[in-house]
Amino acid sequence: MNYQEYEKAVSELNRYAYHYYVLDNPIATDEEYDKLYHDVIAYEAANSHAIIPASPTQRVGDVVSDGFAKAKHLSRMWSLEDVFDAEELQAWLTKTYKLDSNVTFYCEPKFDGASLNLIYENGVLTQGITRGDGSEGELITQNVKTIRTIPLVIEHKERLEIRGEVVLYKEEFERINKERLEAGEPLFANPRNAAAGSLRQLDSSITASRNLVFLPYGVGENTLEHKLLSEKMEYIYSLGFRAPPQRAKCQGFEEIQAFYEQMKSEREKYAMMLDGMVIKVDQIAAQIDMGYTVKNPRFSCAYKFPAIEKVTRVKEIILQVGRTGAVTPVAIVEPTDIEGVIVERATLHNFDEIERKDIRIGDSVIILRSGDVIPKIIKVLQERRSGDEVAVVRPTHCPVCDSELLDEGVLLKCQNLTCDARVVNSIIYFASKPCLNIDGLGDKIVEALYNAHLVRSVKDLFSLTLEELLALEGFKEKKSQKLLDAIEKAKGCEYHRFINSLGIEHIGEVASKTLACEFGAGFIDATKEQITACEGFGQEMAESLLEFVRVNRETILELEAILMPKAPAQRVEAKENPFKGKSVVLTGSMSQSRDTIKEMLESLGAKVVGSVSKKSDFVIYGEDAGSKLDKAQALGVACIDEATMRSMIEGV
Ligand code: IVH
């Protein structure tokens, strides 16, 4: 590769990445990207003096700093005046029209994250600075460079400050917290804290792993000559930044209010957290005339959404025993209205979390309700303590069956398989949506059936009679018949629903589908090797499945006989060959298209997967193979070329 080719490769990589990360619309496969990236690394290794700043290798998250230096913003970062309802909006508009009666407005979401200032000089990102006190913040350039939605280089050559919010998408936040819960690490209270915390990591590889997203909302120092802010922002997006999911030019109160109502009602649907809508005067000249108060611009305000965080008091902490025996503490709080929903309980995850946050009965706490997620306590207001608060004692016995709990630190577990709570919850789970989806068989009804000794295991559901149901309180003929019909309808369900309904630890919906697809009814006879060869299956999952089958084989077969789940179409058994049952990765270009070769290998019983891991059996490479081949060699996976593969299957 010569310098021209190197430059071209870098710009091609950036174009791929822009479509992938910013537009969410990939135009190249991972493979193509990897291959080019690999070539770029090779060139840079040999020409370290010629590395260009736009190279994606410059995003590497392997810089560890021992603290952040302070840096000044070129122009001040302001805050916004808040308005909370239509009346306050009207008052703000009246005030603004007094300064200039001809203005119109540009409205966009107010993102709930951490603000960030980017400085570009000669088109190159030179500094990333946190907001700090508005005049100076912390210099976190190395971390900022790991954020894929921030271009390292832009087409605009004059000095430019771009301001925006760094956010963590809700899904990503849940993923990170789940990992932290499993690792026994303290949880992030909300995506905002998680985003801010991720930005200020001394080890930039941690920032890189968090998949932060940057959403620009304005400029600081700039030489742009657009007359309207809306035009200026379109220009900024065109430089390679991600545009907000919604934005609108509004004429006055009615239009602003309507856009706000729409955004508020759709708030849960957005991938990121929004805490309001920002309204800005669109005419730049009018903005300049209006100027600033000591704190805020006069030409802009934040129209906040109703809070989803509220202060309440912990009345009691109760213990719930789930179907797996896991004992989770739940806080019962003073009933509090959070955006129209009365919240009375909040999850506490586990006892380590209570101890870490030092949550006591009687404490004033901040709770957060967001979407369908169960409300949670995000902070204890220790300064409000009176001294009468009572610390929570870690239980040693199951609150339901009184058997001794297994204490594994993060996990407290009731090991009694016949514990009422475990059984009832397994039945509830069995009937739930992702499992058998039995209409009308919710918590209350399962409890009633269990307490009346009509249903003591899932199997009993299928021998319920109309007479038995009619004898229960509140069960009239119609309701009882409906329930029986719904239970009957569960028969003949899809096979993966049946597997999922068994509630095997570590085997969720996706894993159940994989098992159903790979083995159908044969899943109970699958060996450890066969299970771990399935995509997404590790040791822990395989062991959990094997143990479950060992203990419950009879029950599984009985249930299967009752339910008669539909087995998915089984693949025709392939003849013996070296690739049968093997996990294979293809890389590089071959004599036929990748899809054709994949199909051929699959018909031989191979599983063709996209990425190389220790579990891969073969990597088959063509010409110009890229990083996958290197990785396979490093992992000691057998690497064979196309011709070898063909010779291995000759005559099959
Ligand atoms: S404009 C001229 N627009 O909210 C004032 N801010 O309370 C500059 N924020 O520190 C702010 N989304 O971090 C603006 N679409 C948006 C925003 C936004 C989130 C944050 C920003 C700022 C704070 C102001």
Side-chain angles (χ1 to χ4, degrees), residues 73-84 88 92 96 99 103 105-118 128-138 140 144 147 149-150 160-169 190-200 212-222 224 228-230 232-234 236-237 241-250 256 259-260 263-264 267 270-284 286-305 307:
H73 302 300
L74 301 178
S75 69
R76 182 168 159 184
M77 288 183 81
W78 299 86
S79 341
L80 291 172
E81 177 182 344
D82 288 333
V83 306
F84 291 96
E88 289 186 17
W92 183 81
T96 309
L99 298 172
V103 291
F105 302 91
Y106 180 61
C107 302
E108 63 180 1
K110 183 169 190 299
F111 304 108
D112 202 5
S115 42
L116 177 68
N117 188 27
L118 302 174
I129 314 172
T130 63
R131 181 178 183 282
D133 64 4
S135 336
E136 69 170 16
E138 286 176 313
I140 52 164
V144 165
I147 302 175
T149 36
I150 297 181
L160 177 61
E161 269 182 313
I162 297 179
R163 271 88 194 260
E165 201 78 353
V166 172
V167 300
L168 245 191
Y169 280 9
N190 50 42
R192 182 195 335 123
N193 290 8
S198 305
L199 263 189
R200 294 187 67 267
L212 296 165
V213 172
F214 178 76
L215 297 150
Y217 58 64
V219 293
E221 189 181 291
N222 72 93
L224 303 172
L228 296 178
L229 173 68
S230 48
K232 205 184 261 201
M233 291 313 295
E234 292 305 323
I236 298 294
Y237 309 141
F241 291 90
R242 184 175 287 192
Q246 277 223 34
R247 52 197 187 275
K249 299 214 267 181
C250 297
I256 296 175
F259 190 48
Y260 170 83
M263 204 184 283
K264 186 174 79 169
R267 156 185 208 189
Y270 290 97
M272 69 292 271
M273 294 273 277
L274 309 186
D275 62 344
M277 178 173 99
V278 182
I279 307 166
K280 297 166 185 172
V281 166
D282 203 13
Q283 291 72 19
I284 307 278
Q287 285 194 357
I288 295 169
D289 282 348
M290 291 178 177
Y292 300 81
T293 68
V294 273
K295 270 182 25 209
N296 308 318
R298 291 202 182 83
F299 50 83
S300 181
C301 71
Y303 192 174
K304 298 295 282 281
F305 290 150

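Order of listing sets the numbers, starting from 1, for every ligand and every atom in it.
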Number the atoms of ligand 1 from 1 as they appear, then name those within less than 4.0 Å of a heavy atom of E108, with their elements.
3 (N), 15 (N), 16 (C)
Could you tell me, atom by atom, which parts of ligand 1 come under 4.0 Å of a heavy atom of S115?
10 (O), 13 (O)
Tell me which protein heavy atom sits closest to [atom], plus the residue, atom name and distance to 0.1 Å.
atom	answer
atom 22 (C) of ligand 1	Y217 OH, 3.8 Å
atom 23 (C) of ligand 1	K110 NZ, 4.0 Å
atom 3 (N) of ligand 1	K280 NZ, 3.0 Å
atom 7 (O) of ligand 1	L80 N, 3.5 Å
atom 2 (C) of ligand 1	P297 CG, 3.5 Å
atom 19 (C) of ligand 1	F111 O, 3.1 Å

Under 6.0 Å between the ring centres of Y292 and F299?
yes
Tell me whether P244 reaches ligand 1 (any heavy atom closer than 4.0 angstrom to a ligand atom).
no
Can you tell me which portion of [X] lies within the under-4.0 Å heavy-atom range of ligand 1? Options are side chain, backbone, both, or neither.
X	value
V278	side chain
A302	neither
R163	neither
E165	side chain

Got a sec: does the CZ of R200 have more than 12 other heavy atoms crowding it under 6.0 Å?
no
Strictly below 4.0 Å, N to O, side chains only: are K110 and E165 in salt-bridge contact?
no
Ion pair present between K232 and E234, side-chain N to carboxylate O less than 4.0 angstrom?
no
Ignoring angles and geometry beyond distance, decide whether F299 reaches within less than 3.5 Å of ligand 1 through its nitrogen or oxygen atoms.
no
Judged by modelled atom types alone, do [X] and [Y] share a side-chain donor-acceptor pair under 3.5 Å?
X	Y	result
R247	S230	no
Y270	Q246	yes
N296	E81	no

Could you go through the side chain to side chain contact (heavy atoms under 4.5 Å, CB included) check for I288 and M290 one step at a time?
CA-CA 6 Å; I288 295 169; M290 291 178 177; over 6 Å; no
Going through the checks in order, is the side chain to side chain contact (heavy atoms under 4.5 Å, CB included) test met by D275 and K304?
CA-CA 6 Å; D275 62 344; K304 298 295 282 281; 3.9 Å; yes
